[in-house]
Every structure is written in C-alpha cells, then in structure tokens.
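A short write-up of the structure that comes next.
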Amino acid sequence: MRAQSSATAPSRIAVGATSTDPGGRSSGTVQAALGVVAFSLTFPATAWGLEGFGPWSLIAVRSILAAAVAGACLVAVGSAPPERRHWFGLGVVGAGVVLGFPLLTTLALQTSTTAHAAVVVGLLPLTTALLSALRVGTRPSRTFWIAALAGAAAVIAFTVQQSGGALTSADAYLFGALLVCAAGYTEGGRLAREMPGWRVIGWALVLCLPLTVPMAAVALSSEPVHLSAHSVSGLLWVALGSQFLGLVVWYRGMAAIGIPKASQLQLAQPLLTLVWSVLLLGEHLPVAAPLTAAAVLVCIAVTQRARG
C-alpha cells in the first residue's frame, strides 16, 4: 500500500495538481520562485567561472560537485537504485541537462554575452513544448503553434541582427543547447510521473560520474586554472545552486502549486538574467535584447494559456 501511494504522487504533480492548503500554496510559490532565481543566475555565474577555469574543466567539476551532493542526499533518504526501465530516460536527462546544456552554453559564453545568451535560451520553454508534443503525443491548439512560431522568429531575428547578418558559432552552441536541454526536460518530466523529480536529477547526476570524473582529470591537466573569488563563486553556484539546489526547490514548488503555475513563474527567468548581467558583469544591453526578451515572454505566456 505504501509503495502504491508514493508511486501515484508524482503522477498528480505531473498533471498540475495543486495543494488545497493555502499555506502550502504560498510556500510552494516561494520555493518555485527561488528555483527561477537560482536558474537565472546560471549564465552570470558561468561567466565568472570561466575567469578561472577552462570550459571543459568547469563543466566536469560542476557536475562532480553536484553529483556528490545529490549522492549524499540519495543515501541519506535511503533511495533505492532506479529500475532498469528508467535507465534510458535518466541517460537522456544526463546527456541533456547534466552534460549537454551546461557544456554548450559554457562554450557559447566564451564569445557571447550573457544578455545575448539569455534571450536565445528564452526560447527553451517553447522548444520543450515542441519536443514534448512529439514525444508524448499532445495536440496543442493553433494559437499555441502561432505563438511558438512568433517567439522563434523573434529569437532568430535577434541573433541574426546581433551577429551582423549571420549566425555565429556561439549561436550554434546555444541552439544546440536548446534542443538537448528540451529533450532532457521532456524525458525528466515523463520520469517524474514515476519517481520524485529531485531524484530524477539526482540519479542522472550520479550516473554521469563515469564520464565526468575522467573528463575532469583530462581537462584539469590540460586547461589552466586560476583560482579567484569570482571563479570559485561561479563554480560553486553553477554546481550547487543551479544544478542541484535550484532544482530541489523548483520540484518542491511544483509539487505544491502544480506545473502550470510554476511554469508561469519561469517566464521571468530571461529578464532576470538580463538584470544580473548588468549588475554582476557590467554588461551594456543592446536595446533589442530586453525588447526581444519581452516579446518572447509574451509568446510563451500565450502558449501557456492556449495549452491550459
């Protein structure tokens, strides 16, 4: 009876059920908002980390630190290893969220500003919805697809305008990051119907250790490391804040208020990143950046309402 009860809880979360306790809903909203704030700091923290670490070293060490914390939490709660039928899905989550997205965005940030990257990655919710429709077989409305295409057009126009009429290697990395992360989100959402969401990312991190440990050994031996307050702070944040703790509060928030309401909070993430890029990195925003971000947010909001 206990196993059946725990198995059905993630399913209720996946369809967007909300808590009937007003205090629980308020707490869930706060936790989901904290998750969004944590994610919005990822690009500025990555830029700081790149001041002292090479891109491959930063990604590998980041994943190992997050996996160490996740592994400790899994051991503390006595979590059983995932069933064999979950391994493929966890592999997709690991390839997309643990390795692919951090690696590709880190490579992009070597030549791109965080403001530019934030606007491009603002298309992630739309990309996730597209892949989710293909993977799960949902049929969004015509309004949804019109808004999705409008958002895509705004992002493509911004990237082409900023790069002088042609896409750069940084843009290629960012669009690749959208695809792999959307795949990881889609597969993680499917798995979250069968196990708590934080355990999905926890096991994905742990299962990536056979790749990230040798990657770290090779990268640290070939890329120079210059420790500083910025580089260490950036590394710690992307490892513990973005990659693990941010996801913990995010999933707990979704459990309390449901995925639809939580997803609306995440619409603020690109604009928050633009603010951090100015405050923490001293970047000067082109006029098109906040305008494009606002346009993308409007498009995403329309898709959310259409899907509802």
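Under the 3.5 Å distance criterion, the side-chain polar atoms of Trp87 are matched with a main-chain donor or acceptor of Pro82.
Between Cys208 and Leu99, the closest side-chain pair of non-hydrogen atoms falls below 4.5 Å. When side chains are defined from C-beta on, Leu34 does not count as touching Val36, because their heavy atoms never get closer than 4.5 Å. No side-chain heavy atom of Ile59 sits less than 4.5 Å from a side-chain heavy atom of Trp56. Residues Glu194 and Arg85 meet the side-chain proximity criterion, which asks for heavy atoms closer than 4.5 Å. Between His116 and Asp171 the shortest side-chain heavy-atom distance falls below 4.5 Å. With a 4.5 Å cut-off on side-chain heavy atoms, Pro270 and Val296 do not count as touching.
Taking a 4.5 Å side-chain heavy-atom cut-off between Ile, Leu, Val, Met, Phe, Trp and Tyr, the cluster of Val92 extends to Phe88.
A search for side chain to side chain donor-acceptor pair (under 3.5 Å) contacts involving Glu187 returns Arg135, Arg190, not counting sequence neighbours. Every residue two or more places apart in sequence or in another chain was checked for a salt bridge (charged side-chain N to carboxylate O under 4.0 Å, His left out) with Arg84, and none qualifies. Residues satisfying the side chain to side chain donor-acceptor pair (under 3.5 Å) criterion with Ser57, sequence neighbours excluded, are Glu223. Annotation: side chain to side chain donor-acceptor pair (under 3.5 Å) contacts of Thr114 (sequence neighbours excluded): Glu283.
Heavy-atom minimum distance, Ala47 versus Leu281: CB-CD1, 3.9 Å. Considering all non-hydrogen atoms of both residues, Ile64 and Ala216 come closest at CD1-CB, 3.6 Å. Here the closest heavy-atom approach between residue Gly96 and residue Pro102 is recorded as O-CD, 4.2 Å. Of all the heavy atoms in Pro214 and Leu209, the pair that sits closest is CD-O, 3.9 Å. Counting all heavy atoms, side chain and backbone alike, Pro44 lies closest to Trp276 at CG-CB, 3.6 Å. Closest non-hydrogen pair, Ser221 versus Val218, comes out as OG-O, 2.7 Å.
Residues Val77 and Val75 fall into different hydrophobic clusters, defined by Ile, Leu, Val, Met, Phe, Trp and Tyr side chains chained together at heavy-atom separations under 4.5 Å. Clustering ILVMFWY residues whenever any of their side-chain heavy atoms sit less than 4.5 angstrom apart, transitively, puts Leu50 in the very cluster that holds Leu227. Put simply, Leu280 and Val275 are part of the same group of oily side chains (I, L, V, M, F, W, Y) that touch within less than 4.5 Å, one to the next. Hydrophobic clustering, with ILVMFWY side chains joined whenever heavy atoms are under 4.5 angstrom apart, groups Leu272 together with Phe101. By the criterion of side-chain heavy atoms lying less than 4.5 angstrom apart, applied directly or through intervening Ile, Leu, Val, Met, Phe, Trp or Tyr residues, Leu149 is not grouped with Val302; the two fall into different hydrophobic clusters.
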Side chain to side chain contact (heavy atoms under 4.5 Å, CB included) between Trp48 and Ser228: does it pass, once the steps are laid out?
CA-CA 9 Å; Trp48 274 7; Ser228 66; over 6 Å; no
Quick one, His86 with Met195, criterion side chain to side chain contact (heavy atoms under 4.5 Å, CB included). Give me CA distance, side-chain angles, the key distance, then yes/no.
CA-CA 10 Å; His86 294 149; Met195 67 175 72; 3.3 Å; yes
Candidate pair Ser63 and Gln243, rule side chain to side chain contact (heavy atoms under 4.5 Å, CB included), full reasoning
CA-CA 8 Å; Ser63 298; Gln243 189 103 59; 4.3 Å; yes
Leu103 vs Tyr173, side chain to side chain contact (heavy atoms under 4.5 Å, CB included): CA-CA, chis, key distance, verdict:
CA-CA 9 Å; Leu103 175 60; Tyr173 286 138; over 6 Å; no
For residues 232-240, please give each side-chain donor-acceptor pair under 3.5 Å, one per line with the distance, not counting sequence neighbours.
unit_1, atom_1, unit_2, atom_2, d
Ser233, OG, Ala229, O, 2.7
Trp237, NE1, Ala38, O, 3.4
Trp237, NE1, Ser242, OG, 3.4

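We find the CD-CG distance between Glu83 and Leu90 to be 11.0 Å, quoted to the nearest 0.5 Å.
Taking the six-membered ring where tryptophan is involved, the planes of Phe244 and Trp198 are perpendicular, since the angle between them exceeds 60° and thus also 30°.
For the side chain to side chain contact (heavy atoms under 4.5 Å, CB included) test with Leu109, the passing option among Leu58, Thr46, Leu174 is Thr46; the others fail.
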